[in-house]
Amino acid sequence: MSIEQLNNHHLSPGTPLLRLKTTMSGRSVLSRTVALVMDLDQRSAWDDTIAAVSEVHPLDLVEANKLYGSKNVIVSRCGIGHAVTKPAMGGIIGAREQLTVCGVNDFFDEDDGTAIGSIIWGFECADEFHKDLFPIEFERKTRATTHVFSFAMKKLVENVYDVEYILQLDIGGNFPSWAQSGVTFTIVNAVRKMFTYAKEKYFIEGGPADQFIEAQERLEALESLRMSKQI
């Protein structure tokens, strides 16, 4: 895994932008990577700080494709997500929450239409415009801000992908300036754990990702059989 850090990115010069790269393999990498981030059970397997994560407001995919899609790019998911984290660094940083616009863009070869990549992306909602979208069942926490987030997968050969994770996260609130290096370490360590979990448990043959795909295929086959009997 390679790690790069840019300390003076223009979106928030005081907040490091982190870029982590590796490779992943498995037949369900493109379709099931989003669950690593948005499914609480899968997220909890590698992220010790996550308390809650969910899509609270799905957005219209027709409109999303008008904005973010193109001839060879389809927006397969788009919505507003809410996440709450536990206190971290021995309580130096308290619980945080985020409200982000997130989407998944799938890329296809323009010649034969095969899937060649995917990117999960997100950015923080603005409090002045979207504060009424926070789920009412959660007590409000100190707000953290994701200036930019992306999780990109590019096909190298069959079932093998280059993976790049980018995050610029302003932790928000008041905490000692010296703690920023600790925040950076915590983020890098979490992403490192996610890559390890994905490679060693999640995307292995017969692992959780494959099991989901197989169950989905069985349901589709049963539905096809049901429809054929009705004709």
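Excluded from the calculations below are hydrogen atoms, water molecules and symmetry mates; all remaining heavy atoms, backbone and side chain alike, are included.
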Can you list the steps and then say if V104 with S118 is a side chain to side chain contact (heavy atoms under 4.5 Å, CB included)? CA-CA 7 Å; V104 181; S118 183; 3.6 Å; yes
(message) Looking at T114, is its backbone amide N or carbonyl O close enough to the side chain of D109 to form a donor-acceptor pair, meaning the two atoms are under 3.5 Å apart?
(response) no
Applying ring pair (Phe, Tyr, Trp, His ring centres under 6.0 Å) to F149 and not counting sequence neighbours gives Y165
Steps toward side chain to side chain contact (heavy atoms under 4.5 Å, CB included) verdict (V188, Q5): CA-CA 10 Å; V188 169; Q5 178 174 324; over 6 Å; no
Tabulate below the donor-acceptor pairs under 3.5 Å that side-chain atoms of residues 203-215 make, not counting sequence neighbours, or state none.
residue, atom, partner, partner atom, Å
D210, OD1, S28, OG, 3.2
D210, OD2, G206, N, 3.3
Q211, NE2, G206, O, 2.8

Between the CD atom in E158 and the CG atom in L156, the distance rounded to the nearest 0.5 Å is 11.5 Å
Side chain to side chain, K155 and L30, heavy atoms closer than 4.5 Å
no
Task: Flag, side chain of R43 to backbone of L36, donor-acceptor distance under 3.5 Å - done: no
When rounded to the nearest 0.5 Å, the distance separating SG of C102 from CH2 of W121 is 7.5 Å
Do S150 and F123 make a side-chain contact, defined as non-hydrogen atoms from C-beta onward lying under 4.5 Å apart? no
Heavy atoms of R96 and A144 approach each other most closely as CB-CB, 4.1 Å
_Does E55 form a side chain to side chain contact (heavy atoms under 4.5 Å, CB included) with R77? I'd like the steps, not just the answer._
CA-CA 10 Å; E55 183 182 46; R77 186 169 180 178; 3.7 Å; yes
### Query
Should the heavy atoms of other residues, nucleotides or ligands under 6.0 Å from CZ of F138 be counted, would the total exceed 12?
yes
**Asked** What about F108 and M153, same hydrophobic cluster or not, with Ile/Leu/Val/Met/Phe/Trp/Tyr joined at side-chain heavy-atom distances under 4.5 Å?
**Response** no
Distance col, row L18:CG vs L167:CG, nearest 0.5 angstrom, shows 6.5 Å
* Would you say the side-chain atoms of H82 pair up with the backbone N or O of P135, donor to acceptor, closer than 3.5 Å? -> no
On a heavy-atom basis, the closest approach of I50 and A83 is CD1-CB, 4.4 Å
To the nearest 0.5 Å, atom OG1 of T186 lies from atom CD1 of I93 at 6.5 Å
task: Report yes or no: do M194 and L169 belong to one cluster of Ile/Leu/Val/Met/Phe/Trp/Tyr joined by side chain heavy-atom distances under 4.5 Å?
output: yes
Taking every heavy atom of P16 against every heavy atom of Q168, the minimum-distance pair comes out as O-CG, 3.6 Å
Taking every heavy atom of T23 against every heavy atom of D162, the minimum-distance pair comes out as CG2-OD1, 3.5 Å
Query - Close side-chain approach of V29 to N159, heavy-atom, < 4.5 Å - result: no
Here the gap from T85 atom OG1 to D48 atom CG, rounded to the nearest 0.5 Å, amounts to 12.0 Å
Of all heavy-atom pairs linking D106 and S76, the shortest is OD2-OG, 2.8 Å
**Q.** Single-linkage hydrophobic cluster M38~F134, side-chain heavy atoms < 4.5 angstrom
**A.** no
Nearest heavy-atom approach of V73 to N65 is O-OD1, 4.2 Å
More than 12 heavy atoms of other residues, nucleotides or ligands under 6.0 Å from CG of L67: is that the case? yes
Rounding to 0.5 Å, atoms CD (Q98) and CG (D170) come to a distance of 10.0 Å
| task | Using the rule that two of Ile, Leu, Val, Met, Phe, Trp, Tyr join whenever any of their side-chain heavy atoms come within less than 4.5 Å, decide whether V157 and M24 are in one cluster. | result | no
* Is there a side chain to side chain contact (heavy atoms under 4.5 Å, CB included) between I116 and K154 once you walk through the steps? -> CA-CA 6 Å; I116 57 173; K154 180 183 178 183; over 6 Å; no
* **Single-linkage hydrophobic cluster, 4.5 Å side-chain cutoff, I187 and L20 together** => yes
Checking I166, T33, I119 against F151 for side chain to side chain contact (heavy atoms under 4.5 Å, CB included), the one that qualifies is T33
Please check if the side chain of E124 supplies one atom and the backbone of L99 the other of a donor-acceptor pair under 3.5 Å.
-> yes
Does the gap between the ring centers of W46 and Y202 come in under 6.0 Å?
no
Is a salt bridge present between E97 and K141, judged by a nitrogen-to-oxygen distance below 4.0 Å?
no
